[in-house]
Amino acid sequence: MLVLGIETSCDETAAAIVRDGTETLSDVIVSQIDVHTEYGGVVPELASRMHSEAISLVLERAFNDAEVRPEQIEGIGVTRGPGLIGALLVGIGAAKGMAIALERPICGVNHLHGHLFAIFLERDDVAFPCIGLVVSGGHTSLYYLQGPLEIKLVGRTRDDAAGEAFDKVAKLLGLGYPGGSIIEQQALGVDPGDLKFPRALMEKDNLDFSFSGLKTAVLRRVQQITGVKSRTDIPGSFHPFISKQLSDSLRHERRVIAAAFQEAVADVLTVKAFMAAEKFGVDRLIVCGGVAANGALRMKMRQEGSRRGIEPVFPSVRLCTDNAAMIASRADTLFSAGLSDDLNFGAMSRW
Ligand code: KG4
Ligand code: ZN
């Protein structure tokens, strides 16, 4: 089946054409990251406007790259949520317009299920049941995938998402946005030594996450080494690392903090994911979403996996971050099961 996927839940406008849920014929992504970087995070209204400007061209390129005509499409999958409402509506509007014009079925796809299904675009040896860990800017969720249609949420973050923690800590360290890849670069080859940040909710059988305490511990450490106290009168104004010229030793301290922070996040994600795999008796673990691009996390998971005889599998870095091929792949499973939506579905900020 030839499926068109559309993704506009956050700051990437994306369209892709995928055959049978596995063969990517085109995969177009236009990122707004440069614009949002100026503001230190995604500005929802700007995101919606930029999706509106980009969506037609992105769709046209997806068809051109795949050398497919719109009439050849057999179904349309579009991200329905979770995400920014205004941003989602741009993709949903485009998808519905095409579904009406082409008289094809449409499916509203859960963005997080999309992340889980990115793996099937690259591997044909991942079978159900398995555990899936989605670690992105907005979510940190553990799923038990009993089958393609039986996806059960078994753990989630109680406060910040792992990617959000990376972004907030990077901001705090004066490293810019988005934080994940910058922190990874800063931490590269750095030994955190004795600096150990707290790991929350680590008791046995607890599959939930919490990263806000870790973020606060980083803040305390920054205050300690810079001697700068946060200003309570202006929320979010505490950026000691950009307020002055950094000495070599402070620069080094910052890298040590980045390494210790990354290690703490990777530790928690690894322990919880394998805890879930053992609890549900599976030997496969899908790790996906933007944070799964992190090399230190991948290494830790692989080491733990070989120790326990459970294989962690990761989509390639390009398919870890937001894209439309994963949405098309997920939609293909839904269509194949005879499922589709009628045209009056709306966007969902949470799901
Ligand atoms: O899945 P994604 O592209 O968008 C959402 O659905 O949220 O994930 C974006 C998140 C951001 O928080 C970003 O900082 C994080 O993924 N990220 C990383 C890395 N690359 C992106 N986090 C850690 N290490 C990375 N290399
Ligand atoms: Zn995502």
Side-chain angles (χ1 to χ4, degrees), residues 4-16 28-59 62 75-100 105-118 134-141 143 151 153 156-165 167-168 177-178 236 288-291 321-328 330-331 334 339-351:
L4 167 68
I6 300 177
E7 154 65 39
T8 61
S9 66
C10 191
D11 57 351
E12 265 98 23
T13 316
V28 181
I29 304 173
V30 170
S31 175
Q32 310 172 352
I33 206 92
D34 293 346
V35 174
H36 297 295
T37 297
E38 282 182 42
Y39 300 92
V42 178
V43 183
E45 173 58 22
L46 265 183
S48 318
R49 232 184 290 172
M50 293 180 75
H51 284 308
S52 307
E53 285 164 14
I55 189 76
S56 301
L57 273 176
V58 167
L59 282 165
I76 300 165
V78 61
T79 305
R80 183 179 180 190
L84 303 168
I85 290 289
L88 289 163
L89 285 174
V90 176
I92 292 175
K96 285 183 180 175
M98 294 196 64
I100 293 167
I106 187 170
C107 220
V109 173
N110 180 317
H111 179 81
L112 304 171
H113 294 176
H115 273 300
L116 291 168
F117 274 68
V134 183
V135 257
S136 70
H139 298 85
T140 300
S141 303
Y143 294 92
I151 303 179
L153 183 69
R156 65 193 311 174
T157 181
R158 295 187 187 170
D159 39 58
D160 292 347
E164 188 180 359
D167 295 337
K168 286 179 176 170
Y177 173 88
C288 55
V291 181
T321 47
D322 289 350
N323 65 86
M326 67 185 196
I327 302 301
R330 175 61 185 155
L334 298 171
L339 301 172
S340 64
D341 287 304
D342 57 31
L343 279 166
N344 55 23
F345 70 88
M348 288 164 74
S349 60
R350 292 160 170 270
W351 192 333

### Message
Strictly distance-based, threshold 3.5 Å: is any side-chain N or O of Arg80 a donor or acceptor partner for the main-chain N or O of Gly346?
### Response
yes

request  = Decide whether His51 and Thr13 meet the rule of one side-chain donor and one side-chain acceptor closer than 3.5 Å.
outcome  = yes

**Message:** Side chains of Glu7 and Asn323, heavy atoms from C-beta outward: is any pair under 4.5 Å?
**Reply:** no

- request: Please examine the side chains of Cys10 and Asp322, heavy atoms only from C-beta on, and report whether any two atoms are closer than 4.5 Å.
  value: yes

Nearest heavy-atom approach of Gly137 to Ala161 is O-CB, 3.6 Å

Can you tell whether the side chains of Arg49 and Glu53 come within less than 4.0 Å, N to carboxylate O? no

Report task. With the side chain counted from C-beta on, respond yes when Leu112 and Phe117 share a heavy-atom pair under 4.5 Å apart, and no when they do not. Result -> no

Students often mix this up, so state it plainly: with edges at 30° and 60°, are the rings of Tyr143 and His113 parallel, tilted or perpendicular?
perpendicular

* Asked: Within a strict 4.5 Å, meaning less than it, do heavy atoms of the Thr8 and Thr79 side chains meet?
  -> no

Exercise for the section: Compute both the distance and the angle, then confirm whether Lys96 meets the cation-pi test with Phe345: under 6.0 Å from the six-membered ring centre, within 45 degrees of the axis. Expected result: yes

_Any Ile29 side-chain heavy atom under 4.5 Å of Val58 side chain_ = no

4.5 Å side-chain heavy-atom contact, Pro82 and His111:
yes

Contact check, side chains of Leu343 and Ile100, non-hydrogen atoms, under 4.5 Å | yes

For Ala162, is there any backbone N or O sitting under 3.5 Å from a side-chain donor or acceptor partner on Thr140?
yes

Between Ile33 and Asp11, is any pair of side-chain heavy atoms under 4.5 Å apart? yes

Donor-acceptor under 3.5 Å (Gln32 side chain, Ala47 main chain): yes

